[in-house]
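The sequence lines fix the lettering, A, B, ..., with proteins before strands; numbering per chain opens at 1.
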Amino acid sequence: MQASRIRWIISAVTVLVIVAAVFAVLLAGGYDSSRALAALWDGAFGSPYAVLSATLVRATPLLFVGLAVGLAFRAGVLNIGAEGQLLAGATVAVTVGLMVGGLPRPLALPLVLIAGAMAGAAWASVAAWLKWKFGVLEVISTLMLNFVASYTVSWAVRGPLQEPTRVYPQTVELAESVRLPALVDGHRLHLGFLLALALAIALWWFLTRTAAGFRVRAVGASASAARSAGGIDASRTAALVFIASGALAGLGGASEATGVTFALYEGISPGYGYSAIAVALLARLHPLAIIGTALLFGALEAGAAAMQRDANVPSVLATVVEALVVLGVLALDRARAPRRSV
Amino acid sequence: MSDTALALRGIAKRFGVTEALSGASVVVRRGTLHAVLGENGAGKTTLMRIAFGMLQPDAGTVEIDGAPVSLSSSADAIRRGLGMVHQHFTLVPAMTAAENIALGGHGLFRVHEEAARVQALAERTGLGVDPSARIASLGVGAQQRVEILKALARDARTLIFDEPTAVLTPIESEELFSWLRRFVADGGTAVLVTHKLQEALSIADDVTVLRRGAAVLSAPAATLDVGAVVRALTGEERREDAAQPGRHATRSSRGARVASLDGATVLDARGIVRVHPATLDCFAGEIIGVAGVEGSGVHELIRLLAGRLTPSAGSATLPATIGFVPEDRLRDAVIEEFSLTENLALRSAAARTGRMPWAALHEQARAIVQGHDVRTPSVTTATGALSGGNQQKFVLGRELHDRPSLVVAENPVRGLDIRAAEHVLRELSDTADSGSAVVVYSGDIDDLLPMVDRMIVMFAGRLREVPVAHAAVAAAMVGAKMGAEPDALVGAT
């Protein structure tokens, strides 16, 4: 449709303008901008290594968690806690992975991934319950639970899950049978990426083609109309979506632990759960578009790491760009479509 | 000082094509309680907003203490000694009474000084309020006292009350009235905007009746009787109405009972009774008109019948399929950014499982668009892009699509142009003719009377069946009992 095409163009232009503006600041700050730009490009797309071991690997968790946030937001659930749900998923996946490492892979690996998803769901259901039972705003509760999850990981890797020599704050590495297989020999890209792609398509199909998905969209678009005209139990729908969103984020954590890090340690997530908000919003919560924005931000983060190495430009620049993109897209949406006051 | 506290002379005000006030005048004598009466849309609220500086008149003058003034905001009015107690309170729930009263003041806020000041004011005026109580913890009556204190703390000598008893229990109303009598006995002046006729006649000194934007009666209450005021409210020419044959006169039989309320009661979140035990039977093939002012429980009654509210006591026996056309279309009926097809799917969304049959739904949506004269480029157009009239026709078409045995419509023609309104009303009539029971609420009883078989009126949460005639309905809406009218035809318990 015409209106939605215009919105996509606006999004794309927003991203370009922001990236250009950031580089202008770099130039003004005395950095070698052309070198930085070259490093950014090379780090993201410059070689098979850049694509298969950096960009796509970075994009995988962003895609999982972007879908988690996108699904929640579609139902009007402001789940800011994907980070915590991802950490819960990674923690439980590693814990279970260490226990079932002796089992054959076709049995062990699904078990680990399911455990991770359930852990993410459980973590989200704490906030869902608080909202349903006491009306606690999920923006607050999920944000707080992120800190709880983060410090729980810190404690676990120095306590019950620490490797036996007790030197490093991390777990022992997972056995081969509970690692996600690499997709291309010699590269870090793993099966988790395909799993995330399949989930994106499944989520799109669910939202547009099924009755349950339709209810999710209706509740997110107008809970009052969903209740009054559709007789939909909006609170129940929102709670279920909240938990499903947690499961997606938890699965993302499990995928990261079993596909990339093979162990649990502090900082296993450099804030994927927060970047995911930008990923989902820039894609306007559309599951297929989230594939695109996850790849974009994956490339940006991979390129930023290279930029720091080669041109000495701080890699937090990627985070700055993400934040500006979110602000830009939100501001433009508001400016274009002033909403009815509720 | 002049003995006129507040005078509005020849006030005219127009909103677009609607003439809200056409030369209305009210003269309020100092030290009196002056009641302003009028039906819905008579211009009461607009007139009072002009008096309080919230609106500016197109023509006419506002005089305070005998001097013409030009009020550009309510702050102007407050400076000149006017205070307004709104129907919906303007208090901050999380703050204390003293803080609320201090709100809008200047300079430093000293908690203890302010509390002491409010305490003194409360004692002096006889309005019992604990200055340190949070508004959220206070009952409605106490909140209203805070609202009055707020006005008095700014040295208001003339208080305007907008429907002050709409939210009060009978005992709280009595307390308010006795306070008001003392207030005017001590030299204060009060204007009471109300639709409750008995209440106005029993406590006011003077009464002004507004009809269609003009004052049609202004006299001391002692010289008036109920009949005279009702005639002024509704207009003499309305008497002919009773003789005009409406739909009710042309129908002879009615069908089987489709829906019934049996002592159904509705409490709101605070536990206040919004609908007193109501009993009503709806029969196939008949149209029941419902009237009632805002806050009379009419919206709750409509939602009871539509199955959107469950009674807290008593029972509602409803058919399996109910068509419901709610008043606030964009809040309760459709989702603006959804297509027509998607909004059609909304109606059956709760029970559906598996995949969405989009092809069949598109087909049904097209049938509704054609069958109900909905002007739209296509069924995939966002519903918000349609005009209000076309949205309403679509909602009606959707709700009628599965031939429900009961159709409940709440203000179905509000905001529609004449053609769309006629279309909607005709469709409701046709629906009844084809054997459904139809219940229609409208804020404008003139829309209802020609099309209904029976009329029920909600007043102060009580349901009462009245003859299908303008004067009877209008009188019942203001709580007046008219001569030989059968009072309890249907369950006014």
Side-chain angles (χ1 to χ4, degrees), chain A residues 1-8 70 73-76 134-135 137 201-241 284-287 333-334 336-342, chain B residues 269 299 302-303 306-310 318 320-361 377-378 380-385 391-392 394-396 398-399 401 408 410:
Chain A
M1 224 167 58
Q2 195 60 31
S4 72
R5 185 173 302 160
I6 293 171
R7 303 212 312 176
W8 289 116
F73 282 22
R74 270 310 262 280
F134 304 109
L137 287 178
I201 293 164
L203 187 58
W204 168 77
W205 184 84
F206 169 76
L207 286 172
T208 55
R209 298 296 146 89
T210 70
F214 180 71
R215 283 194 285 275
V216 170
R217 289 197 290 129
V219 167
S222 167
S224 57
R227 273 197 201 97
S228 174
I232 296 169
D233 186 340
S235 322
R236 182 170 170 274
T237 304
L240 289 175
V241 166
R284 298 181 195 284
L285 316 181
H286 191 297
D333 268 11
R334 273 296 145 91
R336 272 175 49 80
R339 306 216 112 194
R340 283 198 326 143
S341 58
V342 186
Chain B
H299 295 287
I302 287 290
R303 275 168 179 70
R308 262 65 175 181
L309 253 184
T310 16
L318 301 171
T321 55
I322 302 172
F324 178 41
V325 180
E327 177 173 77
D328 192 336
R329 197 164 43 240
L330 296 178
R331 190 189 68 196
D332 295 332
V334 293
I335 297 173
E336 275 175 279
E337 61 261 44
F338 273 23
S339 70
L340 291 178
T341 303
E342 285 174 316
N343 272 310
L344 165 66
L346 193 57
R347 176 157 160 79
S348 47
R352 197 185 292 279
T353 53
R355 294 181 58 177
M356 293 297 287
W358 285 123
L361 287 164
S378 88
T380 55
T381 305
T383 307
Q391 287 175 4
Q392 188 71 326
F394 182 78
V395 170
L396 189 62
R398 173 184 76 181
E399 298 298 318
H401 190 66
V408 181
E410 182 184 39

Review point. B/Ala306 versus chain A, heavy atoms under 4.5 Å apart: side chain, backbone, both or neither?
Key: neither
Check your understanding: If you tally heavy-atom pairs under 4.5 Å against chain B, which of A/Gly231, A/Ala218, A/Ala212 wins?
Key -> A/Ala218
**Study point:** Heavy-atom side-chain contact between A/Arg227 and A/Ser235 under 4.5 Å
**Key:** yes
Practice item. Output yes when a side-chain donor or acceptor of A/Ser222 lies under 3.5 Å from a complementary backbone atom of B/Ile335, and no otherwise. Key: no
Review point. Who wins among B/Glu399, B/Glu342, B/Arg329 for the most heavy-atom pairs under 4.5 Å with chain A?
Key: B/Glu342
Point to revise | Atom group of A/Thr208 that falls short of 4.5 Å from chain B, counting heavy atoms | key: backbone
**Study point:** B/Arg303 side-chain N/O to B/Leu309 backbone N/O, donor-acceptor pair under 3.5 Å
**Key:** no
Exercise for review: Ignoring hydrogens and angles, tell me if any N or O in the side chain of B/Thr380 forms a donor-acceptor pair with the backbone of B/Ser339 under 3.5 Å.
Suggested key: no
**Study point:** Contact class of B/Arg352 relative to chain A, heavy atoms under 4.5 angstrom
**Key:** both
Practice item. Using a 4.5 Å cut-off on heavy atoms from C-beta on, say whether the side chain of B/Arg355 contacts that of A/Trp205. Key: yes
Review point. For B/Arg398, is it the side chain, the backbone, both, or neither that has a heavy atom closer than 4.5 Å to a heavy atom of chain A?
Key: side chain
Review point. For A/Arg217, is it the side chain, the backbone, both, or neither that has a heavy atom closer than 4.5 Å to a heavy atom of chain B?
Key: both
Review point. Using non-hydrogen atoms only, which part of B/Ala349 is less than 4.5 Å away from chain A: side chain, backbone, both, or neither?
Key: both
Check your understanding: If you tally heavy-atom pairs under 4.5 Å against chain B, which of A/Asp233, A/Thr237, A/Ile232 wins?
Key -> A/Ile232
Point to revise | A/His286 and A/Trp8 aromatic ring geometry - parallel, tilted or perpendicular at 30°/60° bounds | key: perpendicular
Check your understanding: Looking at A/Leu203, A/Leu285, A/Val241, which hits side chain to side chain contact (heavy atoms under 4.5 Å, CB included) with A/Arg74?
Key -> A/Leu285
